[in-house]
Protein chains: 2
Amino acid sequence: MPGTVQSIERAAAILRMLAGGTGRLGLGEIARSLDLAKGTTHGILRTLQGVGFVEQDKASGHYQLGAALLHLGTSYLDINELRSRSINWADPLAARSGEAVRIGTVLEGRVLVVHHVFRPDDTFQTLDIGALLPLHATALGKVLLAYRSAGLPEELEQFTRRTVVERRELALALDEVRAAGWAAEIEELTLGQAAIAAPIRSHGGLVVGAIGISGLVERICDTRYRPHPRLVGYVREAARAVSRDLGAARH
Amino acid sequence: MPGTVQSIERAAAILRMLAGGTGRLGLGEIARSLDLAKGTTHGILRTLQGVGFVEQDKASGHYQLGAALLHLGTSYLDINELRSRSINWADPLAARSGEAVRIGTVLEGRVLVVHHVFRPDDTFQTLDIGALLPLHATALGKVLLAYRSAGLPEELEQFTRRTVVERRELALALDEVRAAGWAAEIEELTLGQAAIAAPIRSHGGLVVGAIGISGLVERICDTRYRPHPRLVGYVREAARAVSRDLGAARH
DNA sequence: GAACGTCGTTCGGCATTGTCGAACGTCTGA
DNA sequence: TCAGACGTTCGACAATGCCGAACGACGTTC
């Protein structure tokens, strides 16, 4: 990739670093991690501060992400076609299934949640729009993995006893996903939780996202520990509906 | 402000432009608006694309915001202390008042909504976390204006017949806000809607944000078209509680 | 209490880096 | 078929941003 702007790449690396850490970071810490001179790092940070992408804690001098990024992030949501086409179908799916609905895309080897509808009946839930989930341990992620050209992830992190950590085993599971047209995940990320997902296709059949439901195992699965066919049907219908909308969107 | 990095400022300007417009923008359009050479603009956009901040529609060649920004935006929410301290108090306020709750800060002459709790009982509402609202036509904004050092906005856009567009009139209203310790807004942004807000203070009494409720005029106001004292009390109590949390947060 | 370490910040000199403008291939509409 | 606009590439120049050293302030340690 010729002719990329060095300082912008460095600025982006700083922002990603600030997003990854748990909170504020010091100038020296950032400069050391990215192997930059302190002066250079300071100039970039000052500029990022000027445009509102980072803020500085006056007391400690440490830096953190800035408020302008929040608006950019939600502006992305407004633009995103996958999300806008999905919204009309996510609410009915949540109502019919009685479970929380999430829609995701791939971002840097993870699942980025671009829409989230809470479980209808329920109490307080945390909104995880913008969250990054592992590809190999979620139903959404398995769908996205199954239909993408890039290979499997190198490292498969283990979250529970049931997480698939063998690449061979994962490859077989993805074959099944492709054959069946949908994916399930049962206690592979969080104990007691299960999920079902199906692919969202754009024009030409390219898979651009996934839609799915997630909830307690005893509600998602039947007595034989298999996903309820009724719920699978709901999810697949919703996925097809969104795909139809997306395909028809472009002329 | 000496020593700011030119290319980063230009990249930020492009991102803001993409966020402001309704959707995709062409390269020429961007280059013309920012008065840059097409080649220069292309280099910046290519870099932003490389880091995931913008995406390109392969069909039309137009550019739009990228998915990585969504994650950065929500990461900002996770870090933001104003928000994290507010969450525990926003839910009870929504429950007691029966109205939607929002928390905001100032960003570039507007109110940035950093937290939003839906009205308890109600049907579908759109989440406006990350939205930018006018300072002079919202209760949150009036509170933030009243306690900030910077002057009044130059232009006061008119949204309804009741919007305050005279700077003198606004200054008087802000005097009242400072005297009373809370602000109201009645059909000044949207017909039929009203809101109440109070300041959130950090250590030293500095106002860093505002919390408030908003809903239909007939629920927020009494028969004399004045905010219910009961609701005002709830909002002010919540604001004080958050302020206490914030002040006690630092040692 | 003084010396040390580390922090964020500033500054000048050098050359790396990004900018510019022109030219290219492609596509849409006239 | 031509004209215009589009996104993209490339080479040359010099402006630009990078580096490293030095600064003042703060907190810690002996």
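This one's a predicted model, so the numbers in the text were calculated from it and none came from an experiment. FYI, side chains are in, hydrogens and waters are out, and symmetry mates aren't considered; it's all heavy atoms of this structure. We name chains A, B, ... by the order of the sequence lines, and we start the count at 1 in each one.
Of the side-chain N and O atoms in A:T40, one or more sit less than 4.0 angstrom from OP1 or OP2 of D:dC19. Residue B:R10 places no side-chain N or O under 4.0 Å from the OP1 or OP2 atom of D:dT16. When the side-chain nitrogen and oxygen atoms of B:R46 are compared with OP1 and OP2 of D:dG7, none of them lie within a distance under 4.0 Å. Phosphate proximity of C:dT9 to A:Q56: present, with a side-chain N or O under 4.0 Å from OP1 or OP2. Close to C:dG8, at under 4.0 Å from its OP1 or OP2, lies no side-chain N or O of A:H42. Residue B:Y63 has a polar side-chain atom (N or O) positioned under 4.0 Å from OP1 or OP2 of D:dT8.
Across all non-hydrogen atoms, the minimal contact from A:L15 to A:L65 is O-CD2, 3.8 Å. Between B:A239 and B:P199, the shortest heavy-atom distance links the atoms CB-O, 3.4 Å. Taking every heavy atom of both residues into account, B:R167 and B:P153 meet most closely at NE-O, 3.3 Å.
Put simply, CG on A:L45 is 13 Å from P on C:dT10, counting in whole angstrom units. One atom, CD1 of A:I8, and another, P of D:dG17, lie 10 Å apart when rounded to the nearest Å. A:E29 has its CD atom 12 Å from the C1' atom of C:dC7, to the nearest Å. If you take NE2 of B:H62 and P of C:dC27, they are 15 Å apart, rounded to a whole angstrom. As rounded to whole Å, 13 Å separates atom P of D:dC18 from atom CG of A:L34. Whole-Å rounding puts the B:I14 CD1 to C:dG18 C1' distance at 13 Å. Residue A:D57 contributes atom CG, which lies 16 Å from atom P of C:dC7 at whole-angstrom precision. When the C1' atom of D:dG7 is taken as reference, atom CZ of B:R32 falls 13 Å away, rounded to whole Å.
In this structure, B:R201 satisfies the cation-pi test against B:Y147, with its NZ or CZ atom closer than 6.0 Å to the six-membered ring centre and inside 45 degrees of the ring normal.
In terms of the side-chain contact (heavy atoms from CB on, under 4.5 Å) criterion, residue partners of B:T41 (sequence neighbours excluded) are, by chain and number, B:I14, B:L27, B:I30, B:A31, B:L36, B:L45.
Pairing for C:dC14 goes to D:dG17, judged as Watson-Crick or G-U wobble with the two contacts each under 3.5 Å.
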Output a table of donor-acceptor pairs, distance under 3.5 Å, between side-chain atoms of residues 128-143 of chain B and any protein atom two or more places apart or on a different chain; print 'none' if there are none.
unit_1 : atom_1 : unit_2 : atom_2 : d
B:D128 : OD1    : B:H116 : ND1    : 2.5
B:D128 : OD2    : B:R102 : NH1    : 2.9
B:H136 : NE2    : B:E157 : N      : 3.3
B:H136 : NE2    : B:E157 : O      : 2.8
B:T138 : OG1    : B:P134 : O      : 3.0
B:T138 : OG1    : B:G141 : N      : 3.0
B:K142 : NZ     : B:A184 : O      : 3.0
B:K142 : NZ     : B:E188 : OE1    : 2.9
B:K142 : NZ     : B:E188 : OE2    : 3.3

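The residue B:G28 sits close only to the backbone: its heavy atoms come under 4.0 Å of sugar-phosphate atoms, none of a base.
Side chain of A:I44, nearest nucleotide from D:dT9, D:dC18, C:dG8: D:dC18. Residue A:K38 places its side chain closer to C:dG8 than to any other of D:dG7, C:dG8, D:dC18. Looking at the side chain of A:Q6, the nearest of the listed nucleotides C:dT17, D:dC6, C:dG8 is C:dT17. Checked against D:dG17, C:dT19, C:dG8, the side chain of A:V5 finds its nearest nucleotide in C:dT19.
A salt bridge is absent between B:R24 and B:E55: the closest approach of a Lys/Arg side-chain nitrogen to an acidic carboxylate oxygen does not fall below 4.0 angstrom.
Atom CH2 of A:W182 is surrounded by more than 12 heavy atoms from other residues, nucleotides or ligands within 6.0 Å.
Relative to the axis of its first five pairs, the axis of the last five pairs of the helix from C:dT17-D:dA14 to C:dA30-D:dT1 sits at 0°, rounded to 10 degrees.
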